[in-house]
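All figures in this text were calculated on a predicted structure; none of them were measured in a lab. Note: hydrogens, waters and symmetry copies are ignored here, and every other heavy atom, side chains too, is used.
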Amino acid sequence: MPFEADLAHALDRTTDSLEPDLTALLSGAVERGRRSRRRRRSVAVITGVGACAVIAVAGLVIPGALAGARPAGSGIEAVALAMPRSAITGTQMVEALEKTFPGSRFSEAAGQSNDPSDPSSGKVANGRLLVDDGQGAAMVGVSAVRLKLPLRDGDGLSCERTPARAKGDTCKLSELPSSAAVPGGAVVMSERNAAEHPARTDTAHRWTVTVTLKATGAQLQMVQWNSAGGGSDADTPKPTRTAPPLSEQQVVAALTGAVWSPILGAVG
């Protein structure tokens with residue numbers, strides 16, 4: 001399965017009305033999508049990266065996403081996205097990713113621009129890279145969206161899910177206080193999911209961190225695999241390392257830092 005299908009599997013920014021491979025691409029950190037599981041995020045990740053979504057590096061669009069459309073008979077929670085304030089290019093997303101991993105080697109770079117001038121397009125800004133920091137290659141992606149205010153449970157802000165999370169998978173919520181970098185504070189959701197269940201010693205995992213600004217609804221989601229590509233079940237590459245390139249704390253610091261500040265500003 002190509003990375004696009006995997007990463008979005010960690011990013012949850014789609015609906016069941018998409019093509020099967022695109023649905024898998026975005027089924028997300030809570031593993032819904034093709035299995036018609038209840039959405040907890042707005043059209044990635046995100047993950048997501050989700051939460052936000054490193055969705056469609058290959059021209060993926062989300063029909064009706066910005067209007068909050070719900071496909072008939074899908075049983076999936078309606079998307080609740082707002083228009084980003086300005087355009088973000090795929091090149092900007094990839095360049096920001098590269099700056100997030102200084103000193104690393106990169107390959108398989110791809111990105112997608114959003115399109116604020118065409119709300120019906122549903123395009124979400126995202127980028128992804130295969131990162132080699134000397135500890136083993138890891139697929140990493142980030143997506144950027146803006147959620148509608150007021151924020152609601154289900155917009156990548158809740159760890160609850162139906163059906164129950166698989167044994168061994170984890171999710172936790174935390175908050176960042178208001179600061180110069182994060183005006184109004186932010187909600188952080190961190191997830192760890194195995195590519196297959198029951199997980200084995202050679203099962204790859206993905207780590208998804210989503211940061212949502214309370215004041216604007218701007219949301220970034222980063223998805224990291226400990227393998228050279230994402231996926232599910234037998235399609236997932238074997239782990240190349242034991243942990244992702246960045247810890248949860250490092251991801252939060254990066255997404256709220258100087259490198260990603262212009263992206264957050266453009267989104268919300």
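Scanning for side chain to side chain contact (heavy atoms under 4.5 Å, CB included) contacts around Thr91 gives Thr89, Glu95, with sequence neighbours left out. When the side chain to side chain contact (heavy atoms under 4.5 Å, CB included) test is applied to Ala87, the partners found at least two apart in sequence or on another chain are Asn114, Pro116. Contacts of Glu98 classified as side chain to side chain contact (heavy atoms under 4.5 Å, CB included), with partners at least two apart in sequence or in another chain: Val94, Phe106, Leu129. Under the rule for a side chain to side chain donor-acceptor pair (under 3.5 Å), Gln135 has no partner lying at least two apart in sequence or in another chain. With sequence neighbours left out, the salt bridge (Lys or Arg N to Asp or Glu O under 4.0 Å) criterion links Arg241 to Asp133. Here Pro244 pairs with Trp207, Gln224 under the side chain to side chain contact (heavy atoms under 4.5 Å, CB included) rule; sequence neighbours left out. With sequence neighbours excluded, the residues forming a side chain to side chain donor-acceptor pair (under 3.5 Å) with Thr203 are Glu196, listed by chain and number. Residues passing the side chain to side chain donor-acceptor pair (under 3.5 Å) test with Arg105, sequence neighbours excluded: Asp132.
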N/O donor-acceptor pairs under 3.5 Å from side chains in residues 256-268, not counting sequence neighbours:
from, atom 1, to, atom 2, distance (Å)
Thr256, OG1, Val252, O, 2.7
Trp260, NE1, Thr100, OG1, 2.9

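Residue pairs satisfying the disulfide (SG to SG under 2.5 Å) criterion with at least one member in residues 178-212, sequence neighbours excluded, are absent. Under the disulfide (SG to SG under 2.5 Å) criterion, the residue pairs touching residues 168-197 are Cys159-Cys171, with sequence neighbours excluded. Pairs passing the salt bridge (charged side-chain N to carboxylate O under 4.0 Å, His left out) check and including a residue from residues 246-264, sequence neighbours excluded, read Lys172-Glu248.
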